[in-house]
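In what follows, a structure is listed as structure tokens, so that the remarks can point back to it.
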Amino acid sequence: MREQDLIIRLKNDDRRAFDMIYELYAPRLMSSCLSYIHIVEDMEEIIQDIFISLWKNRHTLQNTQTLSPFLYGALRNKILYYFRKKLNSPIYEQFLDIRDEIHPTDNHAPVEYEEFRRIVLDEINNLPRSQREAILLSKFHGLSNKEIAENMNLNIQTVKNALSTGLKTLRQRLSRYPDIFPLMPLLLCSAHIHTIIN
């Protein structure tokens, strides 16, 4: 049966059509979900919630050709909510957007958020002390160069040099990771980098 016919029947409260749609899409959604979430119980709960939402919204479905935009849009929102809840990370959505631009197909295993976070923190911690502290105070705590200079008992120019050199070194080190380096823009805002370390 064509998907268009299943959608029409679904809008007319046909439970058999709903079951057939589930059989058609659930394995695909699970496969996509497993790329991000590796706890089977959590993944199954997300898929279940998506199809509950589909049933509740069956009468207001606008697209009568395919349910793909509705279902995959719902999946994306559920995954984002899952990671906000689990990781308390408001940058995850931007991480996902940038990562998907880098790897728009499934031919390359995408970098996981926790791997991204671990590598960034390791490289920051491996910087010389003055550079590390200047970056932490600037990017993590949002201090001005003047405030950093007072905090570290340095002059402002020394702080500027430490920040410039530290960020340059960080970029160079992260460039060794082809999947990580394009995500560097997430590190350049204090609000973003603060959530990475927390």
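Just the heavy atoms: all of them, side chains too, but no hydrogens, waters or symmetry mates, feed the values below.
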[X]: which residues meet the side-chain hydrogen bond (donor to acceptor under 3.5 Å, both in side chains) condition with it, sequence neighbours left out?
X: Ser53; answer: Asn57
X: Asn126; answer: none
X: Gln4; answer: Gln65
X: Arg129; answer: Glu133

Exercise for review: Could you name each residue pair satisfying salt bridge (Lys or Arg N to Asp or Glu O under 4.0 Å) that touches residues 145-154, not counting sequence neighbours?
Suggested key: none
Practice item. Any salt bridge (Lys or Arg N to Asp or Glu O under 4.0 Å) involving residues 25-41? Give me the pairs, sequence neighbours left out, ordered by first then second residue. Key: none
Taking side chain to side chain contact (heavy atoms under 4.5 Å, CB included) as the test, write out the residues that go with [X], two or more places apart.
X: Leu29; answer: Tyr25, Ile47, Ile50, Phe51, Leu71, Tyr72, Leu75
X: Pro69; answer: Asn63, Thr66
X: Arg58; answer: Leu10, Asp13, Trp55
X: Gln157; answer: Asn155, Lys160, Asn161

Exercise for review: Sort and list the pairs that fulfil ring-ring contact (aromatic ring centres under 6.0 Å, His included) and have at least one residue in residues 152-171, not counting sequence neighbours.
Suggested key: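 Matches after skipping sequence neighbours: none remain.
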Exercise for review: Could you list the residues that satisfy salt bridge (Lys or Arg N to Asp or Glu O under 4.0 Å) with Arg9, not counting sequence neighbours?
Suggested key: Asp14
